[in-house]
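Quick caveat, the model's predicted, so the values are computed rather than measured. Throughout, protein chains are lettered first and strands after them, A, B, ... in sequence-line order, and every chain is numbered starting at 1.
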There are 2 protein chains.
Amino acid sequence: MMKKSTKLANKSAQSAEPASARGEVPASNRAARAQERRAAIVEAAMEEFIARGFAATRLDDIAKRAGVAKGTIYLHFKDKESMFEELVRIVIVPVVARLTALPPPTGSVRDLIEAFASNFLKEVIGTRRGDLVRLIVAEGPRFPAVADFYYREVVSRGIAAMRALIELGIARGEIREKDLARYPQILVAPAMIAVIWQSLFARHAPLDAQDMLRVHLDLIFGERRTT
Amino acid sequence: MMKKSTKLANKSAQSAEPASARGEVPASNRAARAQERRAAIVEAAMEEFIARGFAATRLDDIAKRAGVAKGTIYLHFKDKESMFEELVRIVIVPVVARLTALPPPTGSVRDLIEAFASNFLKEVIGTRRGDLVRLIVAEGPRFPAVADFYYREVVSRGIAAMRALIELGIARGEIREKDLARYPQILVAPAMIAVIWQSLFARHAPLDAQDMLRVHLDLIFGERRTT
DNA sequence: TGACTATGACTGACTAGTCAGTCATATTTA
DNA sequence: TAAATATGACTGACTAGTCAGTCATAGTCA
């Protein structure tokens, strides 16, 4: 049973990713149905965990939101805690996969990084995924497994990729500050701050993240000549 | 029987009291004692909330840590929620007070900002206060009152102060990037990232925050001529 | 000063309620 | 129909908040 659900989990990670199965075709076979349910649970759990945090989230609410009985959740996940951990994996893996599919190294380093930034802007800042980042920051200390996973799969890879880009930029003479390669965090920091800002302070003082990131890149690469 | 057990309980509660009134002056009057207890509760609650988050923190644990009965907490705070909100205020206000006592504008803007940074490094990054920042990021969305307060008292003031410094730097020709004044967040971002990094990833990859901030300032002001 | 009373800070057992996880039963599928 | 799934009522552990009772201290009086 454990095995089975795990297997299903892998499969569903894909279909679980975007929208859930709301009022769709009854799904011919059992496996497909199970997938849909699982996806609905993942989607619902995501919403609830983001909105309330781990401890304050009720499984009853997740079940209700997913349109499923509470017992059904336990057919797919061992318990609340491992559910949360698995959830983070399920949602993050496709993101990593997409990021790993790097755009071809054409054009200037600045263009490359700008492409990254605009992608990040569209896909993360101010979206559910952005909230997930905040959730990980919030729960990380209480879920070492989550923090470890996130560091290994996202942070360390991201840092390495940024470092490579920075070194390329330095080699090509686009970036002056050579020490920047030692702290790719500096390159990423404003983007992360934008994520947090949007979920905490957007109502007090909306932040034009796109413009801010542009200014930050100007700082690193020097002002743009072209318009 | 009730009497007896209560009496014994009292005794044990006292001897169990580790934190506050150990070896201190017994506090002459009641008011002073009450203050001590209140302080002990605040301290204990801080630790517990930081370690477990709001929802997962038990008032019994706070009471035990403070060396106080649970009922005593309710003599000082209305309930768990308002306790948390008040707590943030209590801890943050003195910090704001200290920051408001700005150092005199002597020397270069870079020196000024460097003084700020080194202060931040010492007083926030990797300390209990740093954890508090993370706690606010974590609980903010569920405690609008806390997020509001934090924005009003800390963020907006900090941003304003940084903006003033940046404008001064631009006026004096120390800072090239004029648009930076529009986004003081960029100046502060690496410091915030350092705070978060320390509490989430320090064990995986320790971060030399001091050096990183130096590099970041080099980026903004240009490399230092002096060693 | 010493005895006696009043005060209110403090206690912790208790109540009422919540919620993760279970499992006997019902439903659906092949 | 047998097997596989799904359900949701139920259980027991746990906890926020209460309150009747205690007792060290402050205040008063002789």
Side-chain angles (χ1 to χ4, degrees), chain A residues 1-5 7-8 12 21 25-41 44-45 48-49 52-85 87, chain B residues 1-17 19-21 25-41 44-45 48-49 52-85:
Chain A
M1 177 241 184
M2 183 70 183
K3 277 186 188 173
K4 197 164 189 178
S5 73
K7 188 181 166 194
L8 291 174
S12 78
V25 189
S28 50
N29 60 54
R30 315 232 281 216
R33 260 189 114 87
Q35 289 314 326
E36 278 172 18
R37 280 173 185 279
R38 198 188 157 86
I41 292 170
E48 294 290 329
F49 280 133
R52 312 180 130 68
F54 176 80
T57 290
R58 287 174 293 255
L59 290 192
D60 283 310
D61 289 347
I62 293 177
K64 194 191 290 182
R65 187 189 276 262
V68 144
K70 185 157 64 156
T72 306
I73 292 175
Y74 286 88
L75 300 176
H76 293 274
F77 301 96
K78 182 171 154 286
D79 57 18
K80 191 185 177 186
E81 196 163 320
S82 57
M83 179 187 186
F84 178 70
E85 296 182 2
L87 213 67
Chain B
M1 179 239 184
M2 179 72 178
K3 280 184 184 176
K4 197 167 191 178
S5 70
T6 298
K7 190 180 168 190
L8 290 174
N10 280 339
K11 259 190 166 177
S12 72
Q14 283 179 7
S15 61
E17 183 184 18
S20 61
V25 186
S28 50
N29 58 53
R30 312 231 281 216
R33 262 194 115 87
Q35 281 317 318
E36 276 173 22
R37 281 172 186 279
R38 193 188 158 88
I41 292 170
E48 294 290 327
F49 281 134
R52 310 179 133 69
F54 176 80
T57 290
R58 288 175 293 256
L59 289 190
D60 282 311
D61 289 346
I62 293 176
K64 194 191 288 181
R65 187 189 277 263
V68 145
K70 184 155 66 151
T72 306
I73 292 175
Y74 287 88
L75 299 176
H76 293 275
F77 301 94
K78 180 171 154 286
D79 57 18
K80 193 184 178 189
E81 201 163 309
S82 56
M83 179 187 188
F84 178 70
E85 297 182 1

(request) Go through the structure and list residues passing side-chain contact (heavy atoms from CB on, under 4.5 Å) with A69(B), not counting sequence neighbours. (result)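 Checked A69(B) against side-chain contact (heavy atoms from CB on, under 4.5 Å); matches are T72(B).
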(message) Going by the rule side-chain contact (heavy atoms from CB on, under 4.5 Å), which residues pair with A39(B) if we only count those two or more places apart in sequence or in a different chain?
(response)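 A39(B): no side-chain contact (heavy atoms from CB on, under 4.5 Å) contacts found.
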(request) Could you grab the distance from atom CG of D61(A) to atom CZ of R52(A), nearest 0.5 Å is fine? (result)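 The CZ atom of R52(A) is 5.5 Å from CG of D61(A), to the nearest 0.5 Å.
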Roughly, in whole Å, what's the span from [atom1] in [X] to [atom2] in [N]?
| X | N | atom1 | atom2 | value |
| --- | --- | --- | --- | --- |
| L59(A) | dT18(C) | CG | C1' | 13 Å |
| H76(B) | dG8(C) | NE2 | C1' | 12 Å |
| D79(A) | dC19(C) | CG | P | 17 Å |
| K70(B) | dA9(C) | NZ | C1' | 18 Å |
| F77(A) | dT22(C) | CZ | C1' | 18 Å |
| I73(A) | dT5(D) | CD1 | C1' | 15 Å |
| D60(B) | dA13(C) | CG | P | 11 Å |
| R58(B) | dC14(D) | CZ | P | 9 Å |

(message) Can you tell me if R52(B) touches the phosphate of dT15(D), counting only side-chain N or O atoms and a distance under 4.0 Å to OP1 or OP2?
(response)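 Negative; the distance criterion is not met.
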(message) Under 4.0 Å from OP1 or OP2 of dA6(D): is there any side-chain N or O of R37(A) that close?
(response)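 Answer yes for this pair, as a side-chain N or O of R37(A) is under 4.0 Å from OP1 or OP2.
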(message) Do M83(A) and I62(A) have side chains that approach each other closer than 4.5 Å (heavy atoms only, starting at C-beta)?
(response)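 Counting from C-beta outward, M83(A) and I62(A) do come under 4.5 Å.
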(message) What contact category does K80(A) fall into here, base, sugar-phosphate, or nothing, at under 4.0 angstrom with non-hydrogen atoms?
(response)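 K80(A): backbone/sugar contact only, no base atoms under 4.0 Å.
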(request) Have a look at L75(B) and say if it touches a base, only the backbone sugar-phosphate, or nothing, with a 4.0 Å heavy-atom cut-off. (result)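 Base: the residue L75(B), judged by heavy atoms under 4.0 Å, touches a nucleobase.
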(message) Need to verify one output field. Residue with the more 5' nearest nucleotide on DNA chain C, G71(A) or A55(A)?
(response)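 Result: A55(A).
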